[in-house]
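Working notes for the structure below.
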Amino acid sequence: MEKYIMAIDQGTTSSRAILFDHSGRIVNSAQKEFTQIFRKPGWVEHDANEIWLSVLSVMATCLQQAGIQPSQVAGIGITNQRETTVIWNKDTGLPICNAIVWQSRQTADICDKLKAEGYDDLFRKKTGLRIDPYFSGTKIRWMLDSVPGAQKLAEEGKLYAGTIDSWLIYCLSGMQAHVTDYSNASRTLLYNIYEKKWDPQLCKILNIPMSMLPEVKESSGIFAYTAPYHFFGCAVPIAGVAGDQQAAMFGQGCFLQGSAKNTYGTGCFLLMNTGTVPHASNNGLLTTIAWGLHGEIYYALEGSVFVAGSAIQWLRDQMKFFPKASMSQEFAERADPDNGVFLVPAFTGLGAPYWDDRCRGALFGITRGTTREDITKATLDSLCYQTRDVLEAMEQDAGICIKHLKVDGGASANDYLMQFQSDLLQCRIIRPHDVETTALGAARLAGLALHYWTMNDFEQAGRNCVEYAPKADKQRMDGLYAKWKQAVASARMFSD
Ligand SMILES: Nc1ncnc2c1ncn2[C@@H]1O[C@H](COP(=O)(O)OP(=O)(O)O)[C@@H](O)[C@H]1O
Ligand SMILES: O=P(O)(O)OC[C@H](O)CO
């Protein structure tokens, strides 16, 4: 009987299960959205149990629809929204409160205090990250402060903390395993990416008992086996784990130093492989672990943009401009290309390269004649301007000029967006026909561990791609970019 690899892609807005066959083809997939909880302005939370149930449900649907037996699943790869943090009781398996999502700003005060105490440099030197509400460490601190009795339970060794991969593995394994991979550990603000271990000094500063933290493993290898009662009677190996942006990089085949990809999802994440040596940034980027594989750790430089596709969702859901995100393309194409409208979508502050958690969004250049089309164009353009911000920082850090950019993610389906990106960067944009690169990356990591595939299979895997080449005049694009920088500076000044 033919065997398959199942990828679980647990994203910010939905959970997906995708089955791949040996040729790397998608056999079937299932997707389920879950609730976004906004209890206060700037806060974003998820119900970890709802996430777990959504994952179980898409796994079942995916197999049933394809008529494939659970015993035909050779292994599972998990990829996840990163930084989002869950704390649960290790005996009951119950989360102590909602999961705090990567986008949430609710730990801004904790971060301000740490910065005022002069810790920014220490955290940066050990973790490659910066003190920002984005990362897991201050989220754990916030939960231990906010749930009565939690700190005591944590000190008694009764609580586990983890990113979504750890939570799902704990659930899938029938409460047996508390594990994560290098790429997810590197997003917590607690993991020393140079010494490759949880850092006792950083845990002490945040007063987080180290017994809460998972064991860190290579991204490709056996993490646990599914408990038969959760996985339809089978003990299936969970054999690959990586944060979704790193998994997308693996799925895009960015195996060589200097190769980069940009994912346009809820946010936008540009990552460049820097090989087996971590590369510190002088331009507001993060140094992070790409994956651990075959005894080596590979690193990446990352530009994290917090608001990208979610700005299109805002136009759809709050502004009611259109019923479907894909319609943003025809709206933007109808707008006057020289309308002079700029949107700075700092809805949850600004990430790389600005790192301004207090900045708020702003719209510039509107007149009595400004239309929905103009604002939609400005919103799509803002994804491209933010990408240029991080790409320029990356080129300076790495001392190279990027000639082409591999792209993926839901919003990369938008042709207007891709063409404007190519024009603005004056470089080729390459989009695979199948943009499920995140899931493919997780499947590949699992498939490697199980000898279902070899690296050779990936290097030879040809992919059908669409290419966009620059059509617009460079000078005009540089002029627009200068206006964008002005808009960002004005938004930041206003928010002060
Ligand atoms: N054709 C499109 N044009 C612009 N934005 C889009 C389009 N299709 C999807 N999006 C946006 O992309 C995001 C979904 O992409 P996806 O990669 O599934 O995100 P995530 O993994 O972060 O949940 C949504 O925010 C949506 O608004
Ligand atoms: O779930 P996504 O695709 O929005 O990705 C979120 C990132 O991992 C956050 O760092």
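Any value given below was found using the heavy atoms of this structure, including those in side chains, with hydrogens, waters and symmetry copies removed. Atoms within each ligand, like the ligands themselves, are counted from 1 in listed order.
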How far is [atom] from the closest protein heavy atom, and which atom is that?
atom                    : value
atom 20 (P) of ligand 1 : Thr266 OG1, 3.5 Å
atom 24 (C) of ligand 1 : Gln313 NE2, 3.7 Å
atom 4 (O) of ligand 2  : Thr12 OG1, 2.8 Å
atom 6 (C) of ligand 1  : Ala411 CA, 3.5 Å
atom 1 (N) of ligand 1  : Ser326 CA, 3.3 Å
atom 3 (N) of ligand 1  : Asn414 ND2, 3.1 Å
atom 13 (C) of ligand 1 : Gly265 C, 4.0 Å
atom 26 (C) of ligand 1 : Gly309 O, 3.9 Å
atom 16 (P) of ligand 1 : Gly410 N, 3.7 Å

query = Applying a strict 4.0 Å limit to heavy atoms, is Gly11 in contact with ligand 2?
reply =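 The answer is yes, since Gly11 has a heavy atom less than 4.0 Å from ligand 2.
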Is [X] close enough and on-axis enough to [Y], meaning under 6.0 Å and within 45°, for cation-pi?
X      : Y      : answer
Arg388 : Tyr385 : no
Arg444 : Phe458 : yes
Arg431 : Tyr264 : no

task = From the options Asp244, Thr163, Asn184, Thr180, select the one residue that forms a side-chain hydrogen bond (donor to acceptor under 3.5 Å, both in side chains) with Asn80.
result =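 Testing each of Asp244, Thr163, Asn184, Thr180 against Asn80, the sole residue satisfying side-chain hydrogen bond (donor to acceptor under 3.5 Å, both in side chains) is Asn184.
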query = For the side chain of Gln386 and the backbone of Val307, is there at least one donor-acceptor N/O pair under 3.5 Å apart?
reply =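 Confirmed, Gln386 side chain pairs with Val307 backbone.
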ask   = For ligand 2, which atoms have a heavy atom of Glu83 less than 4.0 angstrom away?
value =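 Per the distance check, 9 (C), 10 (O).
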Subset of ligand 2 atoms that lie under 4.0 Å from at least one heavy atom of Tyr134 =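 The atoms of ligand 2 under 4.0 Å from a heavy atom of Tyr134 are 9 (C), 10 (O).
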inquiry  = Once you measure the plane-to-plane angle for Trp167 and Tyr170, does it fall in the parallel (<30°), tilted (30-60°) or perpendicular (>60°) bin?
reply    =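 Ring orientation of Trp167 relative to Tyr170: parallel.
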inquiry  = Counting C-beta onward and ignoring hydrogens, is there a side-chain heavy-atom pair between Trp355 and Leu286 closer than 4.5 Å?
reply    =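 Of all side-chain heavy-atom pairs linking Leu286 with Trp355, at least one is under 4.5 Å.
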inquiry  = With a 4.5 Å cut-off on side-chain heavy atoms, are Asp415 and Gln329 touching?
reply    =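 Heavy-atom side-chain distance check passes, below 4.5 Å.
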If the cut-off is 4.0 Å to any non-hydrogen atom of [X], which atoms of ligand 1 fall inside it?
X      : result
Thr13  : 23 (O)
Ser328 : 3 (N), 4 (C)
Gly409 : 17 (O)

query = Given that the side chain starts at C-beta and the backbone is N, CA, C, O, which of these parts of Ser310 lies under 4.0 Å from ligand 1, counting heavy atoms, or is it both or neither?
reply =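 Within the 4.0 Å criterion, Ser310 contacts ligand 1 through backbone atoms alone.
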query = Does any N/O atom on Gln10 come nearer than 3.5 Å to any N/O atom on ligand 2?
reply =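 In this structure, Gln10 places no N or O atom under 3.5 Å from an N or O of ligand 2.
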query = Counting heavy atoms only, which part of Arg187 comes closer than 4.0 Å to ligand 2: side chain, backbone, both or neither?
reply =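 It is neither part, as no heavy atom is under 4.0 Å.
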ask   = Closer than 4.0 angstrom: is that true for some heavy atom of Gln329 and an atom of ligand 1?
value =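 Contact check Gln329 vs ligand 1: negative.
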ask   = Applying a strict 4.0 Å limit to heavy atoms, is Arg16 in contact with ligand 1?
value =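 So Arg16 counts as touching ligand 1.
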key: Passing option when Tyr182 is tested against Trp291, Tyr191, Tyr299 for side chain to side chain contact (heavy atoms under 4.5 Å, CB included)   =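 Answer after filtering Trp291, Tyr191, Tyr299: Tyr191.
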request  = Can you spot which of Leu285, Asn282, Asn283, Leu391 makes a side chain to side chain contact (heavy atoms under 4.5 Å, CB included) with Gln396?
outcome  =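 Checked Leu285, Asn282, Asn283, Leu391 against Gln396; only one passes side chain to side chain contact (heavy atoms under 4.5 Å, CB included): Asn283.
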ask   = Does Lys126 NZ have over 12 foreign heavy atoms under 6.0 Å away?
value =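 Yes - once you tally the heavy atoms of other residues, nucleotides and ligands closer than 6.0 Å, there are more than 12.
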message = Considering Asp244, Asn80, Ile164, Thr13 one by one, which has a heavy atom nearer to atom 3 (O) of ligand 2 than any of the others?
response =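 Selected option, by shortest heavy-atom distance: Asp244.
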inquiry  = Show the nearest heavy-atom pair for residues Gln252 and Lys406, with the distance to one decimal.
reply    =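 Here Gln252 and Lys406 meet closest at O-NZ, 3.0 Å.
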ask   = Does the separation of the ring centres of Phe250 and Phe255 fall below 6.0 angstrom?
value =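 Yes, close enough.
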